[in-house]
Amino acid sequence: MFGLLCSVLRPDVKLFERTMAFYAVAKGRKVGIYGSWAECQEQVTGFKGAVFKKFNLHREAEEFIGAKAAHGSYTPDDFAVPLGKKQPPPVSWAAKEQHKTKTEDFWPEDVEEDDIVTENEIMAAMDEVEGFPAPSSSRKRKTEADTSAKSKIPRHASNVEEGVALKQFGAFEFTIDSEGFVIVYTDGSCLGNGRADACAGFGVYFGDDHPLNAAKPVLGRVTNNVGEIQAAIYAIKTAIDLGISKLGISTDSQFLINSITMWVPGWKRRGWRLKNNEPVKNVADFKELDELLQNDDIQVKWNYVVAHKGIKGNEMADKLARQGSQLYREMNCKK
């Protein structure tokens, strides 16, 4: 009877293990395996030469720490690759590749100390996205030229998700990719971004003539970045309402992807403030987006696409976003 019970429970145990995440810190303030990114981040942020990685299995995390301790180095094939890409290492590393533990993160969190981003860089990125003038030297931020040349903020490689089939949800059909994610393009727009008379909107594009495509004016602060965030919120809400469990959001906003995949956990721990105690901009929108992403009924995959390069989904989302900005102007900017 005991053997039968074990055979019944064993698959559930394995399934539970696969759904967990283990963060292995091979070099940091305290070497070990942590159960959350927040705990891991405390051990590696600001630590010179930090070595860490996320795994689905505890034994894989143990092997990673053991291997790093034995070799004492971090080889190039351990580096993160751009979002949405599966870039193999050069042929010269082929011998090492067979020993590499495979992970399937949408955005790998294993980075070295050189990739650590300062709070000043995050704030400069916020201002750049929102069209604000370059900050004064009294705030000790980098100049625009210096930031573009030396910034450690990740720059994602553009990737176009290919649709492979159509799938019905409720009364609507959606294009899905090879992993079963519904493909949606989102974009923000702001006419006169950074000016007092700015008019902003957002666009959500599911496909040609799709009844759920949206062109809306923004609510709250009037900036391009608000449009980007609210477009993602609208897309996720639409998916949840229809019972879509896997949503792939393609956006041309590097800042939005970095905010969600890298910086939000730290902002939340500090009460939605940066390390220098300045408040996070657009905090209400980020809080709403973060709350939606905690919903167990939906899994969101973020994908970067370069803007204004003829990518149809992005061009159509941009067109809808500009329509949303025009709607804002008609509603709020009448003379």
Open item on the list: So, taking the atom named CG in Leu191 and the one named CG in Asp197, what distance separates them when rounded to the nearest 0.5 Å?
Closed with: 9.5 Å
Open item on the list: Set out, in order, the CA-CA distance, both residues' side-chain angles and the distance that settles side-chain contact (heavy atoms from CB on, under 4.5 Å) for Tyr205 and Val184, then state yes or no.
Closed with: CA-CA 6 Å; Tyr205 175 77; Val184 63; 5.8 Å; no
TODO: Give a yes or no on this: more than 12 heavy atoms of other residues, nucleotides or ligands lie within 6.0 Å of atom NZ of Lys319.
DONE: no
Task: Gly310 backbone acceptor or donor facing Glu315 side chain under 3.5 Å - done: yes
- [ ] Salt-bridge test for Asp318 and Arg322: reply yes if a basic N is under 4.0 Å from a carboxylate O, no otherwise.
- [x] yes
Open item on the list: If the threshold is 4.0 Å, N to carboxylate O, is there a salt bridge linking Lys312 and Asp208?
Closed with: yes
Open item on the list: For Phe22 and His58, take the angle between the two ring planes, folded into 0 to 90°, and tell me which bin it lands in: parallel under 30, tilted 30 to 60, perpendicular over 60.
Closed with: perpendicular
Task: Leu293: which of Val264, Ile236, Ile298 passes side-chain contact (heavy atoms from CB on, under 4.5 Å) - done: Ile236
TODO: Report the C-alpha separation of Phe286 and Trp272 in whole Å, then their side-chain angles, then the decisive distance to 0.1 Å, and conclude whether the ring pair (Phe, Tyr, Trp, His ring centres under 6.0 Å) test is met.
DONE: CA-CA 9 Å; Phe286 272 124; Trp272 293 96; 7.0 Å; no
Task: Derivation and outcome, side-chain contact (heavy atoms from CB on, under 4.5 Å), residues Phe174 and Leu242 - done: CA-CA 11 Å; Phe174 297 88; Leu242 290 170; 3.5 Å; yes
Task: Connected via hydrophobic side-chain network under 4.5 Å: Val283 and Trp263 - done: yes
TODO: Mark yes or no for whether Asn282, through its side chain, and Asp285, through its backbone, hold a donor-acceptor pair below 3.5 Å.
DONE: no
Open item on the list: Using only atom types and a distance under 3.5 Å, with no angle test, would you say the side chain of Asn213 pairs donor to acceptor with the backbone of Phe206?
Closed with: yes
- [ ] Please determine if Lys53 and Glu60 form a salt bridge, counting it only when a charged side-chain N lies under 4.0 Å from a carboxylate O.
- [x] no
Task: Pair Tyr23 + Phe52: ring centers closer than 6.0 Å - done: no
TODO: Measure across Ala239 and Leu247 and return the closest heavy-atom pair with its distance rounded to 0.1 Å.
DONE: CB-CD2, 4.0 Å
Open item on the list: If I take atom NZ from residue Lys281 and atom CG from residue Leu274, how far apart are they, to the nearest 0.5 angstrom?
Closed with: 9.5 Å
TODO: Kindly give the heavy-atom pair with the smallest separation between Lys246 and Gly180, and that separation in Å.
DONE: CB-O, 3.8 Å
Task: Side chain proximity check, His210 to Phe172, heavy atoms < 4.5 angstrom - done: yes
Open item on the list: A quick test of your reading: do over 12 heavy atoms of other residues, nucleotides or ligands sit less than 6.0 Å from CD of Gln294?
Closed with: yes
- [ ] For the residue pair Leu256 and Ile249, establish whether any side-chain heavy-atom pair is separated by less than 4.5 Å.
- [x] no
Task: ILVMFWY network linking Leu327 to Phe202, side-chain heavy atoms under 4.5 angstrom - done: no
TODO: Could you grab the distance from atom OG of Ser189 to atom OH of Tyr328, nearest 0.5 Å is fine?
DONE: 12.5 Å
Open item on the list: Has Gln168 got a side-chain atom pairing as donor or acceptor with Gly170's backbone, closer than 3.5 angstrom?
Closed with: yes
TODO: List the steps and the verdict of side chain to side chain donor-acceptor pair (under 3.5 Å) for His156 and Asn258.
DONE: CA-CA 9 Å; His156 305 279; Asn258 286 335; 2.7 Å; yes
Task: Shortest non-hydrogen separation from Asp252 to Tyr304 and the atoms involved - done: O-CE1, 3.4 Å
Task: Student check: side-chain heavy atoms of Met331 and Pro217 closer than 4.5 Å - done: yes
- [ ] For Ser250 and Val305, indicate whether the former's side chain and the latter's backbone hold a donor-acceptor pair under 3.5 Å.
- [x] no
- [ ] Working to the nearest 0.5 Å, report the span between NZ of Lys301 and CD1 of Ile183.
- [x] 8.0 Å
Open item on the list: Is a donor from one side chain sitting under 3.5 angstrom from an acceptor on the other, for Asn314 and His308?
Closed with: no
- [ ] Answer whether the closest heavy-atom distance between the side chains of Val182 and Phe169 falls below 4.5 Å.
- [x] yes
Task: Spatial distance of atom CD1 (Ile229) from atom OG1 (Thr251) [nearest 0.5 Å] - done: 10.0 Å
Task: Shortest non-hydrogen contact from Glu179 toward Asp177 - done: N-OD1, 2.9 Å
Task: Residue from Val51, Val31, Val25 passing side-chain contact (heavy atoms from CB on, under 4.5 Å) with Ile65 - done: Val31
- [ ] Mind checking the CD1-CG spacing from Ile244 to Asp297? Nearest 0.5 Å is all I need.
- [x] 12.5 Å
Task: Residue pair Ala198 / Gly192: nearest heavy atoms and the distance that separates them - done: CB-O, 3.2 Å
Open item on the list: Could you check whether any side-chain heavy atom of Lys237 comes within less than 4.5 Å of a side-chain heavy atom of Glu288, counting everything from C-beta outward?
Closed with: yes
TODO: Could you walk me through whether Asp290 and Ile260 pass the side-chain contact (heavy atoms from CB on, under 4.5 Å) test, one step at a time?
DONE: CA-CA 8 Å; Asp290 178 65; Ile260 292 301; 5.6 Å; no
Task: Flag, side chain of Lys167 to backbone of Thr175, donor-acceptor distance under 3.5 Å - done: no
TODO: Say whether, by atom type as modelled, one donor and one acceptor occur between the side chain of Arg270 and the main chain of Arg273 under 3.5 angstrom.
DONE: yes
Task: Residue pair Gly188 / Ala321: nearest heavy atoms and the distance that separates them - done: C-CB, 3.8 Å
TODO: Could you check if a side-chain atom of Ile311 sits within less than 4.5 angstrom of a side-chain atom of Tyr185, using non-hydrogen atoms only?
DONE: yes
Open item on the list: Strictly distance-based, threshold 3.5 Å: is any side-chain N or O of Asp187 a donor or acceptor partner for the main-chain N or O of Gly203?
Closed with: no
TODO: Taking Asn303 for its side chain and Asn159 for its backbone only, find out whether a donor-acceptor pair lies under 3.5 Å.
DONE: yes
Task: Any donor-acceptor pair under 3.5 Å from Gln230 side chain to Val226 backbone - done: no
